[in-house]
Amino acid sequence: MPYSAKVIDHFIHPRNFGKIKNPDAVGEAGNPVCGDIMTIYLKIGKKKIGGNPREFIKDIKFETLGCAAAIATSSMVTELAKGKFLEDALKITRMQVADELGSLPPIKMHCSNLAAEALHKAIGEYRKRKG
Ligand code: FES
């Protein structure tokens, strides 16, 4: 099964690729089988909703050293997470990332782990830092 047009598009033109200077959090995920690695950088903002401040992903960038599927899923996860409240971003799953890309070949499904995992780790690190 070949890659979908969306996977190829995100691989050739990755969204939010790069580093954030002075990030509020960093999350890293690696695939021990292939050795591929992904890093997510976050900047967190606050919005007042009903008088209560809520934290959201103000900016997000990624660096991925990996296959086409790993780069496309990294790019897609940043698009899905940008602007979301942290608790909503934590609900993003690998399946959702793969679905948004119009699915991945079955042997490439494991590559989608990296993106969601690195995002969840970055949010976890941010919360830990804040105590
Ligand atoms: Fe390593 Fe895709 S082959 S993440």
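FYI, the numbering just counts along the sequence from 1. Values below: every heavy atom of this structure, side chains too, minus hydrogens, waters and symmetry copies. Both counts, for ligands and for their atoms, begin at 1 and track the order of listing.
The six-membered or imidazole ring of Phe62 lies away from that of Tyr41, with a centre-to-centre distance of 6.0 Å or more.
Across all non-hydrogen atoms, the minimal contact from Asn16 to Ile60 is CB-O, 3.3 Å.
Interface of Lys108 with ligand 1, defined as ligand atoms under 4.0 Å from a residue heavy atom, comprises 2 (Fe), 3 (S). Which parts of ligand 1 touch Ala70 is read off a 4.0 Å heavy-atom cut-off, strictly below it: atoms 4 (S). With ligand atoms numbered from 1 in the order given, ligand 1 contributes 1 (Fe), 3 (S), 4 (S) to contacts under 4.0 Å with heavy atoms of Cys34.
In this structure, atom 4 (S) of ligand 1 lies nearest to the protein heavy atom Asp36 OD2, 3.1 Å.
Note: the hydrophobic cluster containing Leu119 does not contain Ile37 (ILVMFWY, side chain heavy atoms under 4.5 Å, direct or indirect links).
Note on Lys91 versus Asp88: salt bridge recorded, some NZ/NE/NH1/NH2 to OD/OE distance being below 4.0 Å.
Look at Cys111 and atom 2 (Fe) of ligand 1: an N/O/S atom of the residue is under 2.8 Å from the metal. For atom 1 (Fe) of ligand 1, the N/O/S atoms of Cys67 include none lying under 2.8 Å.
Cation-pi geometry between Lys47 and Phe56 is satisfied (NZ or CZ under 6.0 Å from the ring centre, within 45° of the ring normal).
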